[in-house]
Amino acid sequence: MDKNAIAVSFGLVLRDLRKDAGLSQEQLGFEAGLQRNYISELELGQKQPSVTTLFKLSKALKVKPEKFAKLIANNLSTNQPQS
């Protein structure tokens, strides 16, 4: 599994969860104690979050970290190239 694929899947899931919560990147950053530009980089798959960041985002989005991780895993499995 490619490190970049994980970052991209994380970003897609983060964006979906943020939009479902009705939050802008700036609002999510404020709620999670993170910078808006960092949220943007995460959503674009340019940065990978630490476990601490995952927990901050989960709390701000009112989603359990394990659900967040499961959504990322599901995204990865549905977007894997067939061999």
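Computed from a predicted model, the values in this text were never measured in an experiment. Numbers here simply count residues along the sequence, with the first being 1.
- With sequence neighbours excluded, the residues forming a salt bridge (charged side-chain N to carboxylate O under 4.0 Å, His left out) with Glu43 are Arg15, Arg18, listed by chain and number.
- Looking only at side-chain heavy atoms (C-beta outward), Leu14 and Ile72 stay at 4.5 Å or farther from each other.
- For the atom pair NZ of Lys70 and NZ of Lys64, the computed distance is 12.5 Å after rounding to the nearest 0.5 Å.
- Not counting sequence neighbours, the partners of Ala21 by the side chain to side chain contact (heavy atoms under 4.5 Å, CB included) test are Leu23, Leu61.
- In this structure Ser40 satisfies the side-chain hydrogen bond (donor to acceptor under 3.5 Å, both in side chains) test with no other residue, sequence neighbours excluded.
- Under the side chain to side chain contact (heavy atoms under 4.5 Å, CB included) criterion, Ala32 pairs with Leu34, Lys56, Leu57, Ala60, not counting sequence neighbours.
- Each ring pair (Phe, Tyr, Trp, His ring centres under 6.0 Å) pair with one or both residues in residues 7-57, not counting sequence neighbours, appears once here: Phe10-Phe68.
- The minimum heavy-atom distance linking Asn75 with Thr78 is given by the pair O-OG1, 3.1 Å.
- With respect to Leu42, the side-chain contact (heavy atoms from CB on, under 4.5 Å) criterion is satisfied by exactly one of Leu28, Leu54, Thr53: Thr53.
- Rounding to the nearest 0.5 Å gives a distance of 9.0 Å between CD of Glu41 and CZ of Arg36.
- Residues meeting the side chain to side chain contact (heavy atoms under 4.5 Å, CB included) test with Asn4, sequence neighbours left out: Asp2, Val8.
- No more than 12 heavy-atom neighbours from other residues, nucleotides or ligands sit within 6.0 angstrom of CD on Glu26.
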Determine whether Val13 and Asn74 satisfy the following criterion, side chain to side chain contact (heavy atoms under 4.5 Å, CB included), listing intermediate values before the conclusion.
CA-CA 10 Å; Val13 169; Asn74 289 344; over 6 Å; no
